[in-house]
Undergrad: 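Can you read through this structure? Questions will come right after.
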Amino acid sequence: MAIDAVIRGLRRTAPTWNPTALAVIATREGDPFRVLIACILSLRTQDTTTGPASDRLFAEAATPESMLKLTPRRIERLIYPVGFYRTKARVILGICHDLLDRFAGRVPDTIDDLLTLNGVGRKTANLVVTMGYGKPGICVDTHVHRISNRLGYVKTRHPEETEMALRAKLPRRHWIGYNDLLVSFGQNVCTPLSPRCSICPVSSLCRKVGVTKAR
DNA sequence: AAAACGGGGGC
DNA sequence: GCCCCAGTTTT
């Protein structure tokens, strides 16, 4: 499978696509703590309200220490209306506590250390590593997992297997743009149930996995 | 009104 | 593996 051909095809049409949650998080590039918190806010939400929400939160607290001075109620108010705002406020405080407790207030820079934080899974850990620390990382959310299967890249139900497969093909640089391109394609074109196959630049490669009615 | 949607934890 | 979490968006 010529992944490079796929990527080239996607890049041609990408400029007309709507921005993704990843693009919002990427504006925190170089600040691991902000990347981490923005990732938590974006979990299981499809909207772009996480951008303004994290802006409001960071205006009051942009470090673990200052975050812990906020009450859960205050954080809930600041991040509303993102989905799961109560759960996320609790998770954020738990993470901040843990960072001070076990990592001297610093956000870890390895996947394995990040995974020990409660509320951080493989997607978040990869994004912190690439966006926060500029190191190679591949973000496999459900979009990336789905399109990888449809394009015949992988044949698996397990996102972790997709992550390993894509990691082996990761380009030498520009990882943020690469991740965003894949997510963007899944969000804007190769959507879950009725993808917009008529405008898809790589439909000839598609296995149509899970497609009920193509547009 | 109902179904689709999206990461991670706990078991 | 399976179920749960809570709220918005799409059909």
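Within every chain, numbering begins at 1; the chains are lettered A, B, ... in the order of the sequence lines, protein sequences first and strands thereafter.
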Undergrad: Please give the distance between the P atoms of B/dG9 and C/dT8 as a whole number of Å.
TA: 23 Å
Undergrad: Under 4.0 Å from a heavy atom of chain A: give me the 5'-most and 3'-most nucleotides of DNA chain B that qualify.
TA: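 First and last nucleotides in contact are B/dA4 to B/dG10.
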Undergrad: Got a sec, which residues hit ring pair (Phe, Tyr, Trp, His ring centres under 6.0 Å) with A/F33, two or more places apart in sequence or on another chain?
TA: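 A/F33 satisfies ring pair (Phe, Tyr, Trp, His ring centres under 6.0 Å) with no residue once adjacent residues are dropped.
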Undergrad: Indicate, with a heavy-atom threshold strictly under 4.0 Å, whether A/P159 touches base, sugar-phosphate, or nothing.
TA: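 Nothing: the residue A/P159, judged by heavy atoms under 4.0 Å, touches no strand.
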Undergrad: Determine the contact category for A/S42: base if any of its heavy atoms lies under 4.0 Å from a base atom, sugar-phosphate if only primed atoms, P, OP1 or OP2 are that close, otherwise nothing.
TA: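 Touches nothing.
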Undergrad: Once ring pair (Phe, Tyr, Trp, His ring centres under 6.0 Å) is applied, do any residues pair with A/W17, and if so which ones, sequence neighbours excluded?
TA: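 A/W17 satisfies ring pair (Phe, Tyr, Trp, His ring centres under 6.0 Å) with A/F185 only.
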Undergrad: Heavy-atom contacts under 4.0 Å between residues 114-121 of chain A and DNA chain B, which residues?
TA: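 Heavy-atom contacts with DNA chain B come from A/L117, A/N118, A/G119, A/V120, A/G121.
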Undergrad: Enumerate the side-chain hydrogen bond (donor to acceptor under 3.5 Å, both in side chains) contacts for residues 130-147 of chain A, please, sequence neighbours excluded, ordered by first and then second residue.
TA: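 Pairs touching residues 130-147 of chain A that pass the test: A/H143-A/R146, A/H145-A/T162.
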Undergrad: Walk me through whether A/L166 and A/S148 qualify under side chain to side chain contact (heavy atoms under 4.5 Å, CB included).
TA: CA-CA 9 Å; A/L166 288 179; A/S148 298; 3.8 Å; yes
Undergrad: Please answer whether the main-chain N or O of A/H97 pairs with a side-chain N or O of A/D101 as donor and acceptor at a distance below 3.5 Å.
TA: no
Undergrad: Verify side chain to side chain contact (heavy atoms under 4.5 Å, CB included) between A/K123 and A/V140, making sure each step is shown before the conclusion.
TA: CA-CA 6 Å; A/K123 177 203 169 186; A/V140 177; over 6 Å; no
Undergrad: Which of residues 18-36 of chain A sit near DNA chain B, with a heavy atom under 4.0 Å from it?
TA: none
Undergrad: Kindly indicate, with the supporting measurements, whether the criterion salt bridge (charged side-chain N to carboxylate O under 4.0 Å, His left out) is fulfilled by A/E163 and A/R167.
TA: CA-CA 6 Å; A/E163 183 190 329; A/R167 180 177 291 280; 3.5 Å; yes
Undergrad: Donor-acceptor pairs are to be reported for all side-chain atoms of residues 191-202 of chain A against protein atoms at under 3.5 Å, with residues two or more places apart or in another chain.
TA:
residue : atom : partner : partner atom : Å
A/T191  : OG1  : A/S194  : O            : 3.2
A/R196  : NH1  : A/N188  : O            : 2.9
A/S198  : OG   : A/R215  : O            : 3.4

Undergrad: Is the backbone N or O of A/C206 less than 3.5 Å from a side-chain atom of A/R150, with the two atoms forming a donor-acceptor pair by type?
TA: no
Undergrad: A/D31: which residues meet the side chain to side chain donor-acceptor pair (under 3.5 Å) condition with it, sequence neighbours left out?
TA: A/R34
Undergrad: Mind checking what makes side chain to side chain donor-acceptor pair (under 3.5 Å) contact with A/E60, not counting sequence neighbours?
TA: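 Listed in chain order: A/R74.
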Undergrad: Return yes if some donor-acceptor pair links the side-chain N/O of A/N179 with the main-chain N/O of A/L22 below 3.5 Å, else return no.
TA: no
Undergrad: In dot-bracket form, how is DNA chain B paired, counting a Watson-Crick or G-U wobble pair only if both its distances are under 3.5 Å and using | for bases paired to another strand?
TA: |||||.|||||
Undergrad: For A/L41, does its backbone N or O pair with a side-chain atom of A/K88 as donor and acceptor, under 3.5 Å?
TA: yes
Undergrad: Kindly state which residues belonging to residues 135-144 of chain A come within less than 4.0 angstrom of DNA chain B, counting heavy atoms of the residue only, listed by number.
TA: A/D141, A/T142, A/H143
Undergrad: Under 6.0 Å from the CZ atom of A/R77, do we count more than 12 heavy atoms belonging to anything else shown?
TA: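 Open: at most 12 neighbouring heavy atoms sit under 6.0 Å from CZ of A/R77.
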Undergrad: Does A/V35 belong to the same Ile/Leu/Val/Met/Phe/Trp/Tyr cluster as A/V24, with side-chain heavy atoms less than 4.5 Å apart forming each link?
TA: no
Undergrad: What integer number of Å spans the P atoms of C/dT11 and B/dG6?
TA: 13 Å
Undergrad: If every non-hydrogen atom of A/Y178 is compared with every non-hydrogen atom of A/K169, which pair is closest and at what distance?
TA: OH-O, 4.3 Å
Undergrad: Can you give one letter per nucleotide of nucleotides 1-11 of chain C, 5' to 3': B if a protein heavy atom sits under 4.0 Å from the base, S if only from the sugar-phosphate, - if neither?
TA: ----BBSS---
Undergrad: Could you walk me through whether A/T63 and A/S66 pass side-chain hydrogen bond (donor to acceptor under 3.5 Å, both in side chains), step by step?
TA: CA-CA 5 Å; A/T63 65; A/S66 52; 2.8 Å; yes
Undergrad: So do A/R28 and A/L36 actually touch side chain to side chain, heavy atoms under 4.5 Å?
TA: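 Not in contact.
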